[in-house]
Amino acid sequence: MRIHLENVLPALRSLERQADRLAEWGVELAQRLLSGQKLLAAGNGGSAAEAQHLTAELVGRFDGERMPFSAISLHAESSAVTAIANDYGYEELFARQVRAHGRSGDILVLLSTSGQSPNLLRAAEAAARLNVTTWALTGPAPNPLASCCDQAVAIDAISANAQEGHLIALHAICRAFEAEVARKGQVNAGPEVDRG
């Protein structure tokens, strides 16, 4: 237990060194989503859970009331996932969905502690062809995913602690996102009421 907790510290230090990039991502994400673009997110296993956590924060809320934003976790639609994996193979799972949902100006966030998942690499390639911006959250660099995305935050820690670092990074992005949304005056929006 103590060793695990001590291993969190390198992940935190790695994130501190990249804090400016995380803040920039949050601001850019807010600007894009406020302009009508969307966020796509993907990962495998625990990274899929992290991706879905991010999209839930954007569609729902993070801190305070505000309008909802378009954010899709590509692994979360089970019928599409199983059909694509069955018909095209697991390596095409996310790339096909990027081609279906991605539009120029959208952002694709890919999470992987190894940075080597073939289905994420294919998704990044598909996104590049569509002018979809790609951001990677990975474990230690260099790794293939960090190299093929437009930007990356690579956490210099062992796998489990890098994944814990990803959640901290996502929350940091959300903080910067919410601050930019508030700065732009778009906080409004609790639930809409039909007065019909």
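Note that these values count all heavy atoms, side chains included, but never hydrogens, waters or copies made by symmetry.
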Please report the interatomic distance [atom1]([X]) to [atom2]([Y]), rounded to the nearest 0.5 Å.
X: Leu170; Y: Glu57; atom1: CG; atom2: CD; answer: 8.5 Å
X: Glu92; Y: Asp87; atom1: CD; atom2: CG; answer: 12.0 Å
X: Leu33; Y: Phe177; atom1: CG; atom2: CZ; answer: 5.0 Å
X: Glu178; Y: Asp63; atom1: CD; atom2: CG; answer: 5.5 Å
X: His166; Y: Ile173; atom1: NE2; atom2: CD1; answer: 10.0 Å
X: Leu111; Y: Leu167; atom1: CG; atom2: CG; answer: 10.0 Å

Self-check item: Audit row: Val153, Trp25, side-chain contact (heavy atoms from CB on, under 4.5 Å) steps and yes/no
Solution: CA-CA 10 Å; Val153 169; Trp25 283 7; 3.7 Å; yes
Kindly write out the residues that satisfy salt bridge (Lys or Arg N to Asp or Glu O under 4.0 Å) with [X], not counting sequence neighbours, or none if the list is empty.
X: Glu91; answer: Arg122
X: Arg21; answer: none
X: Arg103; answer: none
X: Asp150; answer: none

Side chain to side chain contact (heavy atoms under 4.5 Å, CB included) partners of [X], counting only residues at least two apart:
X: Glu164; value: His4, Val8, Asn161
X: Ala71; value: Leu39, Thr55, Leu58, Val59
X: Ser147; value: none
X: Gln37; value: Arg32, Ser35, Asp106

What are the two closest heavy atoms between [X] and [Y], and how far apart are they?
X: Gly165; Y: Ile155; value: C-CD1, 3.5 Å
X: Cys149; Y: Ala136; value: SG-CB, 3.8 Å
X: Ser112; Y: Gly115; value: OG-N, 2.8 Å
X: Gly60; Y: Arg66; value: O-NH1, 3.3 Å
X: Glu65; Y: Arg61; value: OE2-NH1, 2.7 Å

Which side-chain N or O atoms in residues 10-17 pair as donor and acceptor under 3.5 Å with protein atoms at least two apart or in another chain?
| unit_1 | atom_1 | unit_2 | atom_2 | d |
| --- | --- | --- | --- | --- |
| Ser14 | OG | Gln18 | NE2 | 3.3 |
| Ser14 | OG | Ala154 | O | 3.4 |
| Ser14 | OG | Asp156 | N | 3.1 |

Exercise. Return the set of residues passing ring pair (Phe, Tyr, Trp, His ring centres under 6.0 Å) with His53 (not counting sequence neighbours), or none when no residue passes.
Key: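 His53 satisfies ring pair (Phe, Tyr, Trp, His ring centres under 6.0 Å) with His171 only.
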Quiz item: Do Leu9 and Ile168 share a hydrophobic cluster, counting only Ile, Leu, Val, Met, Phe, Trp and Tyr and linking them when any side-chain heavy atoms are less than 4.5 Å apart?
Solution: yes
Quiz item: Should Val27 and Val109 be regarded as members of a common hydrophobic cluster, given that ILVMFWY residues are connected when their side-chain heavy atoms come within less than 4.5 Å of each other, either directly or indirectly?
Solution: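 Val27 does not cluster with Val109.
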Quiz item: Given side chains that start at C-beta, do those of Leu54 and Cys174 come closer than 4.5 Å, heavy atoms only?
Solution: yes
Self-check item: Remaining members of the apolar cluster that contains Leu145, side-chain heavy atoms under 4.5 Å
Solution: Leu40, Ile72, Leu74, Val81, Ile84, Tyr88, Tyr90, Leu93, Phe94, Val98, Leu108, Leu110, Leu120, Leu121, Leu130, Val132
Quiz item: Between the side chains of Glu180 and Gln31, is a donor N or O closer than 3.5 angstrom to an acceptor N or O?
Solution: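 A donor-acceptor contact under 3.5 Å links the two side chains.
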Self-check item: Gln151 CD: over 12 foreign heavy atoms closer than 6.0 Å
Solution: yes
Self-check item: All side-chain hydrogen bond (donor to acceptor under 3.5 Å, both in side chains) counterparts of Ser159, not counting sequence neighbours
Solution: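 Listed in chain order: Thr113.
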Quiz item: Just by distance, do the side chain of Lys38 and the backbone of His101 share a donor-acceptor pair under 3.5 Å?
Solution: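 Yes; at least one donor-acceptor contact below 3.5 Å.
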